[in-house]
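Please read the structure below before turning to the comments.
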2 protein chains.
Amino acid sequence: MDVTGHTSPGRHSGPGQEPRKAASIRDVAQAAGVSYQTVSRVINGHPNVREETRKRVEAAIATLGFRRNATAFALAGGVTRSVTVLTSNTTLHGYAATLQGPEEAARAAGYSLGVKVVTPEDDLDRTISSAAAEGGGLMVIGFDRLGASALRRVPADVPCAAVVEAPPHGRTPPRPAVWADDREAARTATAYLLELGHRTVHHVAIPTSDGTRRSAGPRAQGWRNALEQAGITPPEPHGGKGWNAQAGYDEGRKLADTPDVTAIPCGNDDLALGVLRALHHAGRSVPEDVSVIGFDDAPHSGFLTPSLTTVRMDFQGLGRDAFGLLRSRLENDFQHPRSDIRRHRADHPRKLGATDA
Amino acid sequence: MDVTGHTSPGRHSGPGQEPRKAASIRDVAQAAGVSYQTVSRVINGHPNVREETRKRVEAAIATLGFRRNATAFALAGGVTRSVTVLTSNTTLHGYAATLQGPEEAARAAGYSLGVKVVTPEDDLDRTISSAAAEGGGLMVIGFDRLGASALRRVPADVPCAAVVEAPPHGRTPPRPAVWADDREAARTATAYLLELGHRTVHHVAIPTSDGTRRSAGPRAQGWRNALEQAGITPPEPHGGKGWNAQAGYDEGRKLADTPDVTAIPCGNDDLALGVLRALHHAGRSVPEDVSVIGFDDAPHSGFLTPSLTTVRMDFQGLGRDAFGLLRSRLENDFQHPRSDIRRHRADHPRKLGATDA
DNA sequence: TGCATGGATGTGACCGGTCACACAAGCCCC
DNA sequence: GGGGCTTGTGTGACCGGTCACATCCATGCA
């Protein structure tokens, strides 16, 4: 509507924030009349500190508002517990939902999570290497071309895990990765439509992660396979140019004019939404004249009228698994960097225990 | 649909990743036959290095795959250039869009961005202080109760900026913040409905950020104000219990039964979507029988059938502004550890201008 | 009494960068 | 031809934590 929210922000410069430097472990030590090492012991819950000393140190910590400097901690060899997610998008449902996996897992595991959105404009190698320099691991969402190429350029020595499109048969991603069986899901959905009696099934595809043929993505492949298994020659696939409702609408206009189009599984829910609208504008009713199926189960899909049938994908689980993969890589690294003495230190309960978070 | 995507992930353990320790500045120095300081000069582009020496160092950097350790850099006093966003949600459109602001701004400004999702379960103070310990600034999205209370608990010495609901008249947020004028936007939208000839206007509200009365949020207030200005006694507001389409549907069922309900501006697009569906189920048609207006302009809203009229809010701009606020705070701090010169620098065009993005 | 044992605490070095400063060599100028 | 300036390079200390090891003191036990 033309009633547009007015967003020139109200500003408030806030109560005076004194930029005094944060208290260090040494400041606390001095205040408590002990050595810095004792303070370190207290903040790490080391047992061998006299009760009274501990009290004193804790008091000093409280009055000085001491917080352990995470940077120094990391530098001194403390576990890094940080992961940066590289993605080209954060708003499309698939991406956002995938991102929720690590968000939640990171919170649970006491990791800090960074998000870096990559764009076609910026220098991938620079972006990646700056992300890698942060110290923790890298998690790449490689659903699209940009993400996939980012994944390919992660240096071999950087701990990394990815969520990707299901790779073509016989090929494996360049790095440890997880994926969902989109191909099978699309095949099943298409087969279902055929069972309903449709003579053929048309597909509006999402862009592929290698940026090439639009029939190459696993979802398109699944659709194609289902048709072939039923002895039907797949029609030319549509789409492949965009992910959003507008792209779906554009393709939908074309499809709406073709009479033999009665069933349209789409590469995602947004495309499906656009297709629905195009069909509506063309006077073809859903689901009477045409069946439309979405993909991804975006949160609003269930509330559309008419309802959009959709294929649910567990993106969050995927993201969580990738995070887990990366985490185990990171923590294994930590436990056996090379030699043997370390291993002894690694079993120290404080390092591995769940209480550390 | 019952055709559910199969997501047990295919896994691939990837090519052997040797966990060799990353090369340090000293390693490079040794390889190039210079001192570590010279290496530091080269990577920082310091002019006083002989051309031939620079070449040698650069070669060593390349062969060793040296990357400057961001942790050590930060510890040694390099600017931190990192911001952590605290939010209770990342998927609702308002939040996701707000988050895009700092994502983009951070990329442009070479900042790294952390995201921390807070939940009612976890210990806010711990979460905040661990986020603060990362070193950079804190940006809080305080649209809801949880976010608002997080904002209140950020220690005074932590650089911080927030995006909040428009505060009640005469009150200011506890910390530097930006907000949109939701109240005015809602008032205008409601006035528009009244102009169309509706006798009264009902409202389905989003939850408020102080967790209390459901008529307290700025959007509800704007709706109420418009009615009062028109001499109409506002009916009891609905909603206030949830943000999503299901919540909208629940309220919509109730409203659909009341004959005098002919206009329903909703607190956000998801609620509106649910209301639309409830009206449809109840056999009341939109827009013939009832006018529904959303709020936020979520990306799919424009593609619904019938179209959802919605009020566009520039969340991304809001997020960008908050980031800018925080950034100037961080960089001022860095440049002038305390005194007064601040005011002068705050008007620096680069800080406030639109070109910064 | 003599010594091993172990708890409580302090000192020094280190992580990987930075900055401040010292120093040597080359040049200019009076 | 020696004082000053500039350029290129190296040394030492520091950021704020950690770990390894040394020390002091109170025990327990032979």
Side-chain angles (χ1 to χ4, degrees), chain A residues 21-57 60-61 64-81 130 132-135 334 337-339 341-348 350-351 356, chain B residues 21-57 61 64-81 130 132-135 334 337:
Chain A
K21 232 176 85 179
S24 82
I25 201 184
R26 266 121 176 145
D27 300 328
V28 173
Q30 188 170 21
V34 296
S35 78
Y36 55 82
Q37 181 58 270
T38 301
V39 177
S40 174
R41 289 192 181 97
V42 169
I43 64 185
N44 290 304
H46 188 104
N48 289 352
V49 178
R50 197 162 26 126
E51 192 51 29
E52 186 244 315
T53 312
R54 175 188 312 280
K55 285 264 163 63
R56 216 154 15 108
V57 171
I61 286 177
L64 292 181
F66 168 83
R67 255 166 287 135
R68 173 226 256 141
N69 180 322
T71 303
F73 176 74
L75 181 58
V79 207
T80 313
R81 291 195 174 288
S130 91
E134 306 281 334
F334 174 67
R338 43 203 310 148
S339 77
I341 313 178
R342 290 276 182 77
R343 185 174 305 122
H344 147 248
R345 300 196 56 255
D347 325 331
H348 191 303
R350 211 193 65 240
K351 295 296 173 197
D356 198 17
Chain B
K21 232 175 88 179
S24 83
I25 199 182
R26 265 122 177 143
D27 299 329
V28 174
Q30 189 169 21
V34 296
S35 79
Y36 55 83
Q37 180 59 275
T38 300
V39 176
S40 174
R41 288 190 181 99
V42 169
I43 64 185
N44 290 304
H46 188 103
N48 290 351
V49 178
R50 199 165 19 131
E51 192 49 31
E52 187 245 315
T53 312
R54 176 188 312 281
K55 286 263 162 65
R56 212 150 21 105
V57 171
I61 287 177
L64 292 179
F66 168 83
R67 252 167 288 137
R68 173 225 257 137
N69 180 322
T71 303
F73 175 76
L75 181 59
V79 206
T80 312
R81 291 197 173 287
S130 89
E134 306 282 336
F334 175 66

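Reminder, nothing fancy here: chain letters follow the sequence lines and each chain counts from 1. Atoms considered below: every heavy atom in the structure, side chains included; atoms not considered: hydrogens, waters and symmetry mates. Note that the structure is predicted; figures quoted are calculated from it, not measured.
- If you measure from atom CZ of R26(B) to atom C1' of dA13(C), you get 13 Å, rounded to the nearest angstrom.
- For R54(A), no side-chain nitrogen or oxygen approaches OP1 or OP2 of dA8(C) to under 4.0 Å.
- In this structure, the CD atom of E52(B) is 12 Å from the C1' atom of dG8(D), given to the nearest Å.
- A pairwise comparison of heavy atoms in A31(B) and L64(B) identifies CB-CD1, 4.0 Å as the closest pair.
- Within the 3.5 Å criterion, the main-chain N or O of T71(A) finds a donor-acceptor partner in the side chain of N69(A).
- Going from atom CD1 of I25(B) over to atom C1' of dC14(C) covers 16 Å, rounded to whole Å.
- Using a 4.0 Å cut-off, some side-chain N or O of N44(B) falls inside it from OP1 or OP2 of dT18(C).
- In this structure, R68(A) atom CZ and dC15(C) atom C1' are separated by 15 Å, rounded to whole Å.
- Note on the helix from dT1(C)-dA30(D) to dC30(C)-dG1(D): terminal axis deviation equals 60°, with five pairs used at each end and the result rounded to 10°.
- Distances shorter than 4.0 Å separate none of the side-chain N or O atoms of N48(A) from OP1 or OP2 on dG6(C).
- Within residues 34-41 of chain A, the residues approached by DNA chain C to less than 4.0 Å at the level of any non-hydrogen atom are V34(A), S35(A), Y36(A), Q37(A), T38(A), R41(A), in residue-number order.
- Among all heavy-atom pairs drawn from R68(B) and A133(A), the shortest one is O-CB, 3.4 Å.
- Residue T53(A) has no polar side-chain atom (N or O) positioned under 4.0 Å from OP1 or OP2 of dA8(C).
- At distances below 3.5 Å, at least one donor-acceptor pair connects side-chain atoms of D27(A) with backbone N or O atoms of S24(A).
- Between A76(B) and R50(B), the residue anchored nearer the 5' end of DNA chain D, judged by the nucleotide with its closest heavy atom, is R50(B).
- Remark: the backbone N or O of A32(A) is paired with a side-chain donor or acceptor of R56(A) at under 3.5 angstrom.
- What separates CG of L75(A) from P of dC14(D) is a distance of 17 Å, to the nearest Å.
- Residues Y36(A) and I25(A) come closest through the heavy atom pair O-CD1, 3.5 Å.
- A donor-acceptor pair is defined here as one N or O able to donate and one able to accept, closer than 3.5 Å; no such pair exists between the side chain of R41(A) and the backbone of H46(A).
- A straight line from CD1 of I43(B) to P of dC19(C) spans 10 Å, rounded to a whole angstrom.
- The CZ atom of F73(A) sits 17 Å away from the C1' atom of dG16(C) (whole-angstrom rounding).
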